[in-house]
Amino acid sequence: MTFGFAPASAAASTSAASANRLLEPAEWAAAGIPLLRNPREVVSGLHARHHPQPATAVIAVLDPDERLRASASFVRRPAPADGWMFRNVLLAQLRRIIPHDLRRRTPVRTAVLLYCREGDARWTEEDGAWMWGLRDACTLHGLRCGAYITLTRDGWQVLGEGRGGRRPHSASAPEPFDTSEAPPPLPRTGGAASEVLRRAAAAR
């Protein structure tokens, strides 16, 4: 094994390849990424489950009714933003939390990515690298590529769509599950079962 510096031409080509592994917001918007019906509910639910701090990514898989099927969070290592590296990390997390759908002709489940970071809500090259990585990881796992959401001190933002909100944000306390999700259905009243319960309560 030999050690040394890579030639300048090789270093330049590597840098150029890394620069291409990102997506601009216009490219993302043109890719036909499915819109979330209720993005705030998705964001609040993931925030309540994972309590993300800056540099934390949350990958989640939703079913066709936008119900959460699986999710995982991890901290981004300090390194240059590279879509290929992000793709590998996301793919490893997806393989850990849910089986692939590669045998389906068309994807049924959708993966979304929530990334908590410093700075404001404007697009950055790091965001572009996450977008590239998410799209590629979804293809390799047989999933539809869904929304990419940033969480900053300004609030949350679905990049490429222009939708967002002030809460939750990167410094807010997680909401309880019962406020971030739809409330459970109320028990039905009336009928024989209710009459039995009423009599039992009256007898105590």
Side-chain angles (χ1 to χ4, degrees), residues 22-78 81 83 85-87 89-91 93-94 97-98 109-138 143-183:
L22 59 83
L23 294 175
E24 300 274 352
E27 295 176 293
W28 183 258
I33 305 299
L35 302 179
L36 289 170
R37 290 194 297 271
N38 193 336
R40 188 190 185 282
E41 184 176 309
V42 172
V43 173
S44 297
L46 294 178
H47 188 262
R49 283 179 174 83
H50 296 279
H51 309 178
Q53 301 296 314
T56 302
V58 181
I59 183 74
V61 179
L62 310 178
D63 70 10
D65 294 322
E66 241 173 58
R67 289 174 299 200
L68 182 66
R69 287 305 175 202
S71 64
S73 61
F74 56 95
V75 177
R76 176 196 182 315
R77 294 181 179 178
M85 296 295 294
F86 289 169
R87 185 276 307 272
V89 173
L90 292 173
L91 189 58
Q93 294 293 331
L94 288 171
I97 63 175
I98 201 162
R109 296 179 293 191
T110 303
V112 300
L113 179 63
L114 171 71
Y115 183 55
C116 183
R117 62 169 173 78
E118 302 287 0
D120 56 34
R122 289 176 294 183
W123 179 88
T124 66
E125 289 191 357
E126 182 184 25
D127 295 324
W130 279 118
M131 290 171 164
W132 191 98
L134 176 62
R135 185 186 64 177
D136 220 40
C138 288
L143 302 171
R144 286 201 309 170
C145 179
Y148 172 69
I149 307 159
T150 57
L151 191 68
T152 66
R153 284 189 172 272
D154 295 336
W156 57 271
Q157 179 83 13
V158 185
L159 291 194
E161 294 184 18
R163 294 192 292 173
R166 293 185 177 181
R167 293 190 63 85
H169 53 76
S170 60
S172 63
E175 296 181 1
F177 279 102
D178 57 353
T179 61
S180 63
E181 297 180 343

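Along the sequence shown, residues carry numbers from 1.
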Contact between [X] and [Y] at the side-chain level, heavy atoms closer than 4.5 Å - yes or no?
X	Y	answer
S71	L46	yes
H47	S172	yes
R109	I98	yes

Any donor-acceptor pair under 3.5 Å linking the side chain of [X] with the backbone of [Y]?
X	Y	value
D136	G133	no
R163	L36	yes
R40	W156	no

So does [X] have more than 12 non-hydrogen atoms from other groups sitting under 6.0 Å from [atom1]?
X	atom1	answer
R153	CZ	no
R77	CZ	no
E27	CD	yes
R122	CZ	no

Can you give me the closest heavy-atom contact between [X] and [Y], atom names plus distance?
X	Y	answer
C145	R135	SG-CA, 3.6 Å
N38	E66	N-OE1, 3.3 Å
F86	E126	CE1-O, 4.0 Å
V43	P168	CG1-CG, 3.8 Å
L151	P52	CD2-CG, 3.9 Å
G146	T110	CA-CG2, 3.5 Å

If you round to the nearest 0.5 Å, how far is [atom2] of [Y] from [atom1] of [X]?
X	Y	atom1	atom2	result
L114	H50	CG	NE2	9.0 Å
R69	L143	CZ	CG	13.5 Å
T150	L113	OG1	CG	10.0 Å

Steps toward side chain to side chain contact (heavy atoms under 4.5 Å, CB included) verdict (L90, F74): CA-CA 10 Å; L90 292 173; F74 56 95; 3.8 Å; yes
From CA spacing to verdict: side chain to side chain contact (heavy atoms under 4.5 Å, CB included), D127, R117: CA-CA 10 Å; D127 295 324; R117 62 169 173 78; 2.9 Å; yes
Aromatic ring pairing Y148/W28, orientation class (parallel under 30°, perpendicular over 60°, tilted between):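 Ring orientation of Y148 relative to W28: perpendicular.
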M131 and its side chain to side chain contact (heavy atoms under 4.5 Å, CB included) partner, picked from I33, L22, L159: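 Going through I33, L22, L159 one by one, the side chain to side chain contact (heavy atoms under 4.5 Å, CB included) with M131 is satisfied by L159 alone.
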Intermediate values then yes/no, side chain to side chain contact (heavy atoms under 4.5 Å, CB included), R87 and M85: CA-CA 5 Å; R87 185 276 307 272; M85 296 295 294; over 6 Å; no
Taking only distance into account, with no hydrogens and no angle test, what donor-acceptor pairs under 3.5 Å do side-chain atoms of residues 53-60 form with protein atoms, sequence neighbours excluded?
from : atom 1 : to  : atom 2 : distance (Å)
T56  : OG1    : Q53 : N      : 3.4
T56  : OG1    : Q53 : O      : 2.8

